[in-house]
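Below: one structure, written as C-alpha cells.
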Amino acid sequence: MSLTKIDPTWAWTPYRPSESQPWNRIRAAHLFRRAGFGATSQELDAAVGRDPDEIVAGLVTPNLDAEFESESDAFATTILASGNPKQLSAWWSYVMLRTPHPLLEKTTLFWHGHFATSAAKVEDAGAMYAQNRLFRQYALGDFGKLTHAIARDPAMLIYLDSVTNRKAHPNENFARELMELFCLGEGNYSEKDIQELARCFTGWEIRRGSFRFNRFQHDTGSKSIFGQTGPMPESESIDIVLDQPAAPQFIVRKLIRYFLFDEPAASDELVAPLANELSEHAWDIGHVVRRILSSQLFYSDQVIGRKVRSPVDLVVGLLRTLEGSTNAYQLGDDLDMLGQGLFYPPNVKGWDGGRAWINSSTLLGRANVIGRIVRDEKTRFAGVNLKAYFDQLDADSPAAIVDQLVELTLAVEPSQTVKEQLVEVIKRPGDRSQRIAEAIHALSTIPEFQVM
Amino acid sequence: MRSNRREFLRTTLGSSAILSLGATLPDFLRAAAATGTDDKDTILVVVQLSGGNDGLNTVIPFSDPAYKKARPTLAIPTSDVLKIDDTLGFHPSARGLADLLEDDSLAIVQGVGYDNPNRSHFESMDIWHTCQRKSDTRTTGWLGRYLDATQANKSGASLALHLGHEKQPLALTATGVSVPSISSLESFRLNDSGDKEVRSTISKLAASKQDESDSLLGFLQSTTTVALAASQRVEQASRDYKTPVTYPDSELAKKLKTVAQLIDSGLGTRVYYVTLDGFDTHSQQPAAHAALLSQLGGAVSSFVKDIDHHGQSDRVAVLAFSEFGRRVAENASEGTDHGAAAPMFLAGKKVRAGLIGKHPSLTDLEDGDLKFHTDFRQVYATVLESWLGWPNESVLGGKFKTVEAFSA
C-alpha cells in the first residue's frame, strides 16, 4: 500500500454509501473516533440511520449548548481562582469528556499543538485559558484571523520572548516560528526574510498582561520580505506571509496528518486541491475539515487504523465510548504522564504525534492508566458497573462482551487468538465487573488498541 | 558489582513470565550470559543540550575585545571567568566543568558545526541526529545505525536506553532495534495489581504474532515486547544502589545517577541518552544560562566521580552537544538569537583533557555567527572509532577525520 500514489481526484470525491462501502456501525465508529473521541453504542445506532454527510455538516457547524457552556465556564472559574495552570488540564479533560461538540474540541486541540505554547514558561493560568478560548473561537473558522490574533496573544508572546521588542536589536524568535512552524514550513523562507519580519514586529509588547503597540520602539524603516518592499506597518507583514502559496499547503498537509494518517507526509498532488479550496474559501478551516471527513479517502483502508492514538484519543476515547466517568484532575495528570500534558506541549513545535507517542515508557503507562481507571471501583459506566453496563448492551456472555469491546474500541480487528484469550479472562470465576475490567486492561496492551 | 550482575542474570533468567515473551529476550539473555565480557565494553552517555547552548558564554574568549563589544550586557566580567588559559575561561556557573578539566577528565572540542548551518531548532537537531540534510530521506539516527550494525553481529537487544520524559531522540532510531525510553525507574513497570493470571495473559498477547506486512502494527508489537522485557530487567537492576557521591538536586543529576546505577547493575547497554532542555535563551539570558551551566557541570562531574567510585571510569565517556550555538551579538531582550558553531564536550577519565582546536574568530563571521572548523561528524567519528570501536563510515555516511579526544 503506497500512500504516495493516492489519486487526488478519487481521494477528495465525497464518500457515498454503496453496497461495497456501506454506511454501517464500523464506518460510523471510525468517523466519531477521528472527528471526536469515539462514540457509544447508542450513538452508533443513531448515526447509521442518518446521512454521513449531514452528520459531518453538523459536526463542523456546532450550535453552542448554553447549559454545557455554563457548566464549563463555572469549572474554569474555580480553577482560575486557584491560579495554578497545572489544574487547567483537568478543566480541558472534563470538557473533552463531556462536550456535545467533539469535533470543535478536537480541532481546538489541533491548534493548541500547532500554535504550541506551554504554561511551563508562561506561568499564567489566565493567559493560557484566554489563548485556549481563542483557539476554540477560530478552531473551525478563519485561519488568517486566528494568525493575526495569535500574533497579539499575551501567552504566545510571553512564550516566544516577545514581551519586549525593541528596534535596536529585534528578537527573531516569533518571526522565525511564524514562518517555520505556524504558516509556511521550514525551507519556504530565507534567513533574511526572518530578520526583516522581526523588524516588523518591533514595538509589539505585552504590558500588564495585554498587547500594546509601542510606536517609539517600532522600526519604521523600509523592509523587504518575499520580494515585497515597504515600511510594512503592523499586521501587513503577517498578510504577506499568509499570501505565500506555501501557507495553505502547509496547513492542509498538517490537517491531513491530523485527521487522516500519520505517515508518510501527504504528497503535493494530494494537498493541492484542498490547498486551493482553502485559499478560495478565504482560510475557512471548517470547509477543509468537512471535505476531509466526508471524502472517499477518509473511509478507505489507507486511513482506517493508520493513525496512532494520542493519549487523549486513547483515554478520553475509551471513557466516552463506554460512558465512563472519572476524576478529571487525575485524568489531566495521566495525559501528562503519557506525553500529552494539556497546556504543556513539549516545545514550540507541539506534539509530533504518530510513532513519537509510542515508546516503552508510554506503552507501559498506557496500560497502567487504562488498567487503573477500569479497575477502580469508583469508575462508573453510564452510572453503573461494567457488568451492568454490558448487560444493558445485551452483551451477557463473555464472547458477546468481547465482541462489543472490539467493535466499540478498535479500528482494526485483532486475531481470533487474542479474542479467545480475552474471553478466557472474563470467564474466570469471581466478580464479573472486575473480570471485564481485567479484560480491558489486557486489551489495552495490544498493538491494535494503540491505533485508530 | 559482579555479584549484582550474577544476581541480575539469575533472577531474570528464573522468571518464567519473561521467557514467554518471544524471541528477542532469550537472545539478549543468551548473549549477555554467554559472553560475560559486557563488563569490559565501553559505554557512551550522550547529554543533549536542547535549545541551542550559547557556546560563547560557556567557553569565553575573555581577552578578546570583540567579545565585550558584541555582548554589552551579557559579557561575563574577566574577573568572574574560570580561566582555562590566558585567553579562554568557563562561565562562573560552569564550576563542574572546570573541576572536570582540573581533574584531567574533560575535553573541549571548539568551533564545531557544519556547512550551510540551519538555524531552525528542529531542522538543525535533525541534522545532528541523522547526519543528513532535509533533502535526504531521514529514517534513522547515527546511533540507531550503529545499533543496527552491531546488532547484526551480536543478536542482542537493548544496547541503548533513553532516559527522560520527552519523546525519543531521532538519533536513536534504528531499523532493526527498538530502544526503550524510561521516564523514571519507579514508573517503568507494568502494574498488574499483583494478578499473575492477568500478567500471563498480557505476556501471551504480547507474544502473539503480528501480521508482518503491517509495519505500524509490527512497530507497536515490537515496542510492546521490548517494553515488557526491559521493564523487568530494569526493575531488577535498579534495586539497592549505594553511592557516597552526593549528586546536586537537579533533573539531569537524577537521570545521570540512574545511568550510573544501571551501568553498575551490569546491564549490557552501550549507549545511554539523556537531555537537558532550556538553552533557547532569547530573552533574560543571564540567570537562565547560569542555572543550566551549573546543572550541567554539577551533574556530569558528580556522575564521573560516581562512576569512578564504582570502578567503571575506564569504560564510560560522556558526550555533550547542542543543535547550534547562538548569535555573537546579543539582542535587545538581554538574550541571544539562533547561531551556528559552538563547543562540544567529552567527559571521563579516558578523554584527552584540554582544548581541541582554536576558538572561532569573533570578527570573521558568517551572517553574524561563528564559523565552524570542525564538523560535528568528526566528533561522532572519534566516538565511534576511538571509543565504541566501530568503523564510522557506514554509520555517518562518509569518512570523517577523527579528532584526538581520547588518550591512547
Side-chain angles (χ1 to χ4, degrees), chain A residues 160-173 176 180-181 186-187 191 194 202 262-263 305-306 308 337 339 346-349 351-352 355-365 367-368 371-372 375 412 415 417-418 421-422 424-425 428 438 441-443 445-448 450-451, chain B residues 50-51 118-123 134 162 165-168 178-184 187-193 195 197-198 201-202 204-206 208-211 214 216-221 223-224 226-228 230-231 277 280-284 327 329-333 335 337-338 367:
Chain A
L160 290 184
D161 307 297
S162 300
V163 171
T164 58
N165 227 334
R166 304 194 192 100
K167 61 184 167 189
H169 297 280
N171 183 322
E172 289 173 9
N173 208 8
R176 176 181 301 278
E180 178 183 340
L181 299 175
E186 211 276 324
E191 285 294 317
I194 287 176
T202 50
D262 297 318
E263 52 190 68
R306 307 308 304 172
V308 175
M337 200 260 287
N347 55 49
V348 61
K349 201 179 175 194
W351 294 282
D352 281 7
R355 293 187 187 208
W357 289 126
I358 301 298
N359 62 51
S360 40
S361 278
T362 59
L363 277 178
L364 293 170
N368 290 344
R372 200 202 60 245
R375 283 162 182 260
V412 181
S415 71
T417 328
V418 166
Q421 281 171 343
L422 295 175
E424 289 309 312
V425 171
R428 290 165 62 200
E438 286 156 10
H441 186 199
L443 180 71
T445 63
I446 69 170
E448 289 85 351
Q450 319 307 329
V451 300
Chain B
S50 304
N118 193 298
R119 291 169 185 81
S120 151
H121 293 293
F122 309 101
E123 178 55 22
K134 201 180 186 183
H162 162 231
H165 198 71
E166 68 283 341
K167 68 161 176 147
Q168 190 168 98
S178 179
V179 174
S181 278
I182 302 179
S183 50
S184 79
S187 64
F188 194 65
R189 60 194 58 167
L190 186 71
N191 185 352
D192 51 15
S193 305
D195 185 331
E197 285 191 56
V198 169
T201 302
I202 287 172
K204 272 189 238 157
L205 291 175
S208 60
K209 271 273 171 251
Q210 198 53 241
D211 178 6
D214 190 319
L216 183 60
L217 291 177
F219 157 78
L220 287 160
Q221 175 83 59
T223 313
T224 306
V226 167
L228 291 171
S231 68
D277 199 352
D280 194 22
T281 48
H282 285 278
S283 73
Q284 309 301 319
R327 189 75 41 86
E330 64 184 49
N331 65 26
S333 326
D337 292 322
H338 303 180
D367 298 332

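No hydrogens, no waters, no symmetry mates; every other heavy atom, side chains included, goes into these values. Below, chains carry the letters A, B, ... as their sequence lines are ordered, and counting in each starts from 1. The structure presented is a predicted model; accordingly, all values stated were derived computationally and were not measured.
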So, do B:Glu166 and A:Pro346 sit near enough that their side-chain heavy atoms are less than 4.5 Å apart? no

Report which part of [X] has an atom under 4.5 Å of a heavy atom belonging to chain B: side chain, backbone, both, or neither.
X: A:Leu160; value: neither
X: A:Thr417; value: neither
X: A:Val163; value: neither
X: A:Leu363; value: side chain
X: A:Glu191; value: side chain
X: A:Asp262; value: neither
X: A:Val425; value: side chain
X: A:Ala356; value: both

Identify which of A:Met337, A:Lys167, A:Arg372, A:Lys349 forms the greatest number of heavy-atom pairs closer than 4.5 Å to chain B. A:Lys349

Among A:Asn173, A:Thr445, A:Asn359, residue most engaged with chain B (heavy-atom pairs, under 4.5 Å): A:Asn173

Do side-chain atoms of [X] reach the backbone of [Y] as a donor and acceptor pair under 3.5 angstrom?
X: A:Arg176; Y: B:Arg119; answer: yes
X: B:Lys134; Y: A:Glu186; answer: yes
X: A:Ser361; Y: B:Ser181; answer: yes
X: B:Asn191; Y: A:Asn368; answer: no
X: B:Asn331; Y: A:Asn165; answer: no

Measuring heavy-atom distances to chain A, does B:His165 have an atom under 4.5 Å in its side chain, in its backbone, in both, or in neither? side chain

Please classify the contact of B:Glu330 with chain A as side chain, backbone, both or neither, using a heavy-atom distance under 4.5 Å. backbone

Once rounded to the nearest 0.5 Å, what's the spacing between atom [atom1] of [X] and atom [atom2] of [Y]?
X: A:Gln450; Y: B:Thr224; atom1: CD; atom2: OG1; result: 6.5 Å
X: A:His441; Y: B:Ile202; atom1: NE2; atom2: CD1; result: 4.5 Å
X: A:Thr164; Y: B:Gln284; atom1: OG1; atom2: CD; result: 7.0 Å
X: A:Leu443; Y: B:Leu205; atom1: CG; atom2: CG; result: 8.5 Å
X: B:Phe122; Y: A:Asn347; atom1: CZ; atom2: CG; result: 4.0 Å

The criterion is salt bridge (charged side-chain N to carboxylate O under 4.0 Å, His left out); which residues satisfy it with A:Arg375, sequence neighbours excluded? none

Return the set of residues passing salt bridge (charged side-chain N to carboxylate O under 4.0 Å, His left out) with B:Asp195 (not counting sequence neighbours), or none when no residue passes. A:Arg428

Heaviest contributor of heavy-atom pairs below 4.5 Å to chain A, chosen from B:Glu197, B:His121, B:Arg189, B:Gln168, is B:Glu197

N-O pairing of B:Arg327 and A:Glu172 below 4.0 Å: yes

Start with the C-alpha gap between A:Asp161 and B:Ser333, add the side-chain angles, then the distance that decides, and say whether side-chain hydrogen bond (donor to acceptor under 3.5 Å, both in side chains) holds. CA-CA 8 Å; A:Asp161 307 297; B:Ser333 326; over 6 Å; no

Please test A:Leu364 against B:Leu228 for side chain to side chain contact (heavy atoms under 4.5 Å, CB included), starting from the C-alpha separation and ending with a verdict. CA-CA 8 Å; A:Leu364 293 170; B:Leu228 291 171; 4.0 Å; yes

Ignoring hydrogens and angles, state whether a donor on the side chain of B:Ser120 or A:Glu180 is under 3.5 Å from an acceptor on the partner side chain. yes

Mind listing the closest non-hydrogen atom pair of B:Leu190 and A:Ala367 along with its distance? CD1-CB, 3.7 Å

